[in-house]
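A short write-up of the structure that comes next.
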Amino acid sequence: MNPSTRSPLTWAVHVSVLLLVVLWTMPTAGLLISSLRDKDQLAVSGWWTALATSSRNSVARAPSADSQVERDGKFVISGNFLGGQPGQVSAFGFSSREPAKFKPGETAELNDGERLTVQEDGSFEIVSDKRMEGSRGQRIFFTSATPPRFTLENYGEVLSAEGIGRSFINSLTVAVPSTVIPILIAAFAAYALAWMPFPGRAILLAVVVGLLVVPLQMSLIPLLKLYNGVGAFFGVPAKTYMGIWLAHTGFGLPLAIYLLRNYMAGLPREIMESARVDGASDFDIFVKIILPLSFPALASFAIFQFLWTWNDLLVAIVFLGTGQDQLVLTGRLVNLLGSRGGNWEILTASAFITIVVPLIVFFALQRYLVRGLLAGSVKGG
C-alpha cells in the first residue's frame, strides 16, 4: 500500500505501537546501562548521562606529618588523591565552607602557614618552611570531572555472592517443569472440550472460565493445607519441588485450557472429519494434526507461564521454603538486596540477571505469541 493512501487510523495505530515499544524498551535499556556503570558515577547521575563526563565533589585526607620529606630546605608532603583513577580536578579547597575556592595550579595558604598546591591530575603538595607536626593529615576538598566508565565488576560481585549459582539452578528446576506440565495437561483437556462431545462439557468449560478469576492469594493457603495433608498420607515431605510444580500447574491450568480450547475449536472441522474417515482415532488426530497446528498457541502460553514461574517469589516461599538449598533466584536476590540494598550497582545488576532468561525465552518464541493469542481470542467453537 502506498504510504500516502493510508488512513489516519492506520497511522495512529503505527504511532501508538511505536510509543508502546519505546515505553517498554527504555526502562530495560536504562537498567542494562546502569548495571554496567561505575558505582560512583551511578550514585550521582542518571543512566541517560552515561556517555557524558560526570562531575563530583569529594574530600580526601593528605598523609600525616610522618611522611614529609625535606627538599631544598623545605618540608614537603605530596601525593595524589585520584589514586590513578581517570579524572581531572577542576577546583579545590581546604575548608568545607569553600570547597572550590581555588583552581588547579593555584597555591592556597593554610591556617598554620603551610602552602597547598593541587594540579589537574590530582597530585598535590603541602610545603612548609618548618617541620610539620600532627598525626592527622590535611583535609582537601576537590571537584573532579570523570569520563564515562563502564565495568563488569557489578555483575562479578553479584554472581560471586554465596549461593547465587545454586539459586539459579533452583529457579530453572522450578520454572521448566512448571511450564511443561500444565501445557501437557491443558492440551489434552482443550482438545476434549473443543472436539469430543460428552455430557456436561459446557458446564465444565464454564467452571474453567470461572477459575480464571480466582485470586492466587485466596487459594494459596487452602492449597498448601491440602497438599500437606495428602503428602503426609503418602509420606511425602512438605517442602519439595513436587509441591511447587503442582501449585504452578493448578494456577496455570485455567488460562492454558481456555487459550488452547479456543484455538483448537477454530481449526477447520473438515480436517478432523477427513482423518476420521481414514480411520484415525481421537488420539491420532490430537497427536498428528492438532498439536502441530496448535504450536503458536502452545508457545504463547509457554511464554506467559515461564515468565510467571521464573519471577515468582510468593508461591516459591510457601511451597519450597527459604532454606539455602531451596531458595530460588528471586528470593536470593531479595536477601542480597537486604544486605547490600543501598548499593545501586548491586540492585541494577541483580535485576538484570533475573530478566536475562525470560528475555531469551521471549525473543525465541515471540513470533508465535501474537499469532497464538489473536487466534485464541477471535475463534470459537
Taking the side chain as every heavy atom from C-beta outward, state whether [X] and [Y] have any atom pair closer than 4.5 Å.
X: Leu110; Y: Gln138; value: yes
X: Phe363; Y: Leu359; value: yes
X: Phe150; Y: Asp38; value: no
X: Met132; Y: Ile126; value: yes
X: Phe124; Y: Asn80; value: no
X: Gln68; Y: Arg131; value: yes
X: Lys74; Y: Asp129; value: yes
X: Thr179; Y: Phe301; value: no

Which label fits [X] and [Y]: parallel for a plane angle under 30°, tilted from 30 to 60°, or perpendicular past 60°?
X: Phe102; Y: Phe94; value: parallel
X: His14; Y: Trp11; value: perpendicular
X: Phe188; Y: Phe283; value: parallel

Would you say [atom1] of [X] has more than 12 non-hydrogen atoms from neighbouring residues, nucleotides or ligands within 6.0 angstrom?
X: Phe198; atom1: CZ; result: yes
X: Arg61; atom1: CZ; result: yes
X: Leu23; atom1: CG; result: yes
X: Glu273; atom1: CD; result: yes

Supply the atom-to-atom distance [X] [atom1] to [Y] [atom2], rounded to the nearest 0.5 angstrom.
X: Leu259; Y: Arg261; atom1: CG; atom2: CZ; value: 12.0 Å
X: Ile360; Y: Ile355; atom1: CD1; atom2: CD1; value: 11.0 Å
X: Met264; Y: Met272; atom1: CE; atom2: CE; value: 10.0 Å
X: Asn57; Y: Phe141; atom1: CG; atom2: CZ; value: 10.5 Å
X: Trp245; Y: Thr173; atom1: CH2; atom2: OG1; value: 7.5 Å
X: Ile289; Y: Tyr191; atom1: CD1; atom2: OH; value: 8.0 Å

Test item: [X] side-chain N/O and [Y] main-chain N/O as donor-acceptor pair under 3.5 Å:
X: Ser281; Y: Asp284; result: yes
X: Ser90; Y: Thr143; result: yes
X: Asp121; Y: Ser123; result: yes
X: Tyr227; Y: Gly243; result: yes
X: Asp312; Y: Trp308; result: no
X: Arg37; Y: Gly46; result: yes

Can you see which heavy atom on [X] is nearest to which on [Y], and at what distance?
X: Ile77; Y: Ser67; answer: CG2-OG, 4.0 Å
X: Thr249; Y: Ile181; answer: OG1-CG2, 3.5 Å
X: Ile140; Y: Phe142; answer: O-CD2, 3.8 Å
X: Ala316; Y: Ile244; answer: CA-CD1, 3.4 Å
X: Leu267; Y: Ser294; answer: CD1-OG, 4.2 Å
X: Asn154; Y: Ser35; answer: ND2-O, 2.8 Å

When you check the gap from the basic side-chain N to the acidic O, do Arg71 and Glu125 get nearer than 4.0 Å?
yes
Could you check whether Lys239 pairs with Asp325 (Lys NZ or Arg NE/NH1/NH2 to Asp/Glu carboxylate O, under 4.0 Å)?
no
Val174 and Leu320: CA distance, side-chain angles, deciding distance, side-chain contact (heavy atoms from CB on, under 4.5 Å) verdict:
CA-CA 10 Å; Val174 171; Leu320 204 55; 3.9 Å; yes
Could you state whether [X] and [Y] fall into the same hydrophobic cluster, counting links through intermediate Ile, Leu, Val, Met, Phe, Trp or Tyr residues with side-chain heavy atoms under 4.5 angstrom apart?
X: Leu313; Y: Leu327; answer: no
X: Leu246; Y: Phe233; answer: yes
X: Val356; Y: Leu31; answer: yes
X: Ile169; Y: Met242; answer: no
X: Val76; Y: Leu116; answer: no

Please report the C-alpha distance between Phe306 and Val357 in whole Å, then the side-chain angles of each, then the deciding distance to 0.1 Å, and finally whether the side-chain contact (heavy atoms from CB on, under 4.5 Å) criterion is met.
CA-CA 10 Å; Phe306 186 87; Val357 175; 3.6 Å; yes
Please report, to 0.1 Å, the donor-acceptor pairs under 3.5 Å made by any side chain of residues 205-225, with sequence neighbours excluded.
from: Ser219; atom 1: OG; to: Pro215; atom 2: O; distance (Å): 3.3
from: Ser219; atom 1: OG; to: Leu216; atom 2: O; distance (Å): 3.3

If you apply the rule side-chain contact (heavy atoms from CB on, under 4.5 Å), what do you find for His248 with Gln305, and how did you get there?
CA-CA 9 Å; His248 280 308; Gln305 183 70 2; 4.2 Å; yes
Looking only at side-chain N and O atoms, does [Y] offer a donor or acceptor that is under 3.5 Å from a partner on [X]?
X: Ser167; Y: Asn170; value: no
X: Tyr241; Y: Ser178; value: no
X: Thr117; Y: Thr107; value: yes

Checking Leu193 against Leu260 for the side-chain contact (heavy atoms from CB on, under 4.5 Å) test, could you report, in this order, the C-alpha distance in whole Å, the side-chain angles of both residues, the deciding distance, and whether it holds?
CA-CA 10 Å; Leu193 290 173; Leu260 296 178; over 6 Å; no
Does Trp310 have its ring centroid less than 6.0 Å away from the ring centroid of Phe168?
yes
